[in-house]
Number of protein chains: 2
Amino acid sequence: MPSDRTRALILDAAERLYAERGFGDVTLRDIVAAAGVNLAAVNYHFGSKDELIAELFVTRGIANNRERLTELKAAEVAGGGRADVKAILHALIGPTLRGCLGPENERSTASRFMIRASIESVPPIRRIKNREVDHLRKFAVAMRRALPDCDEADIYWGLHFALAMAHQTTRDAERLTKLSDGQCDVDDVEAVIDRIVDAAAMTLTVRTTASKSPEGAAPARRAERLRG
Amino acid sequence: MPSDRTRALILDAAERLYAERGFGDVTLRDIVAAAGVNLAAVNYHFGSKDELIAELFVTRGIANNRERLTELKAAEVAGGGRADVKAILHALIGPTLRGCLGPENERSTASRFMIRASIESVPPIRRIKNREVDHLRKFAVAMRRALPDCDEADIYWGLHFALAMAHQTTRDAERLTKLSDGQCDVDDVEAVIDRIVDAAAMTLTVRTTASKSPEGAAPARRAERLRG
DNA sequence: TTGCAATTCAAACAATTGTATGAAACTATG
DNA sequence: CATAGTTTCATACAATTGTTTGAATTGCAA
């Protein structure tokens, strides 16, 4: 009859503190204080600090991946087995962005924790992170179906850029707001998502006409089809 | 007659170690060991660990900004007072990327240190970082000149996306390589730069035709001119 | 109730880290 | 040479951190 209460309290407090202040600034004593439990409880229930972090990461990672895949499947069903480019990108970056931007009270600690985890590469997480590639491959497969004539490398670059823009927007939202004097509204989450999706979709579907380096340093995209 | 030798040794070792392993994993003892100097030398020459980091950051930041501005000015001169979109973006992301990608031996510890600094937001750096916005504003001004009819917010988003793609590419080069089974060649630095410049330029200059959200969540770009 | 295992707790431990100290070594000037 | 100022060095200090320990407490079954 294990008492999961303390365990859950620790997980909640740890996730919240890590999401807010990052891994470097949060000690076990901070966590147990926030959770209202004894210091030794962490080692009793999780074995070590690293195992606590790892458990948080795998749990949240699985949930996040599932959310993305659910949206991808839905898009594939809606498209009769083949999702279109924008829908795929939307499924890839939507879930995370929705949890990280927008009004403070609507953000999820889960998403913010995952962003932290992908920023500060702390050892226990680094060891697990390899599985992410397998997850992304599913989106590459879907994208290849949506753009059968597109160069394969370009597809990977497109996914990479979509993730890059999404990721950096959650990181540097403040800088962007300051730089633009508030003209860039990062609180309108769906608009931000659409903007990033549009940008990434363009890199995948628009043929570059005037290349700066004519000797082919940047290979021309070979996509003809845009079904958004 | 101050002996700058020890000082320089510390700066070099610190920059290299921070660039390689990040701020979290490097202690003063690691630095002095690598520099071959005494532990107390750090506090003697810099006052504290934080001041050492801050000095590194401002020095390298200034150098990096100067490099970017030099390229921007050159592009403006070449364009008769007005640089074109791609040239501006090239000046913005080129210097950093050149120092962070490509063959190991050609990378600069300076660039990699700056990337680290922008990733792990350590207190002494966070305090200084605000000046970055003023620096970026110069690129916004140049871009407004290149795209007089472009919506202002779109310009900021474009710069933001360019930085995002560049930044994330230096961070996740390994993942991209693994995901693409080596099909995405991140070692061809100039090709990568061109690719990112192209992508960012597209978000600024290509009018989106089919928007996913017709009620205007993602405002249509208003740029007509592409002078690449 | 009694007994036993699971859990909680206060306290201590060991290691690490940034910083400070005071003596020693060095350098240049008188 | 002598001496004052600068720099280096070994060492110690104080604070923090993850972890461990052993006793107390709790919850439940016999």
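Values reported hereafter were calculated over all heavy atoms of this structure, with side chains retained and with hydrogens, waters and symmetry mates removed. Computed from a predicted model, the values in this text were never measured in an experiment. Just so we're on the same page: letters track the sequence lines, and every chain starts at 1.
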*When the distance from CZ of A:Arg5 to C1' of D:dG27 is rounded to whole Å, what number comes out?*
14 Å

*Sorted by first residue and then second, give each salt bridge (Lys or Arg N to Asp or Glu O under 4.0 Å) pair with at least one member in residues 91-101 of chain B; sequence neighbours left out.*
B:Glu71-B:Arg98, B:Arg98-B:Glu190

*Run the salt-bridge test on B:Asp154 and A:Arg195 with the 4.0 Å N-O cut-off and return the result as yes or no.*
yes

*Looking at A:Thr6, does any N or O in its side chain come under 4.0 Å of the phosphate oxygens OP1/OP2 on C:dT7?*
no

_Among residues at least two apart in sequence or on other chains, which ones pass side-chain contact (heavy atoms from CB on, under 4.5 Å) with B:Asp25?_
A:Arg126, B:Arg21

*A:Arg7 CZ to C:dA6 P, straight-line distance once rounded to whole Å*: 16 Å

*For A:Phe113, what residues pass the ring-ring contact (aromatic ring centres under 6.0 Å, His included) criterion, not counting sequence neighbours?*
A:Phe23

*Quick one: B:Tyr44 OH to D:dT7 P, roughly how many Å, whole number?*
4 Å

*With sequence neighbours excluded, residues passing ring-ring contact (aromatic ring centres under 6.0 Å, His included) with A:His167*: none

*Got a sec, which residues hit side-chain contact (heavy atoms from CB on, under 4.5 Å) with B:Leu39, two or more places apart in sequence or on another chain?*
B:Leu28, B:Arg29, B:Val32

Polar-atom pairs under 3.5 Å, protein N or O versus N or O of nucleotides 16-20 of chain C: list them with distances, or write none.
residue: C:dG18; atom: OP1; partner: B:Lys49; partner atom: NZ; Å: 2.7
residue: C:dG18; atom: OP2; partner: B:Leu28; partner atom: N; Å: 2.9
residue: C:dG18; atom: N7; partner: B:Arg29; partner atom: NH1; Å: 2.9
residue: C:dG18; atom: O6; partner: B:Arg29; partner atom: NH2; Å: 3.0
residue: C:dT19; atom: OP2; partner: B:Lys49; partner atom: N; Å: 2.8

*Does B:His45 place a side-chain N or O at less than 4.0 Å from the phosphate oxygens OP1/OP2 of D:dT6?*
no

*Between B:Phe46 (CZ) and D:dT8 (C1'), how many Å, whole number?*
15 Å

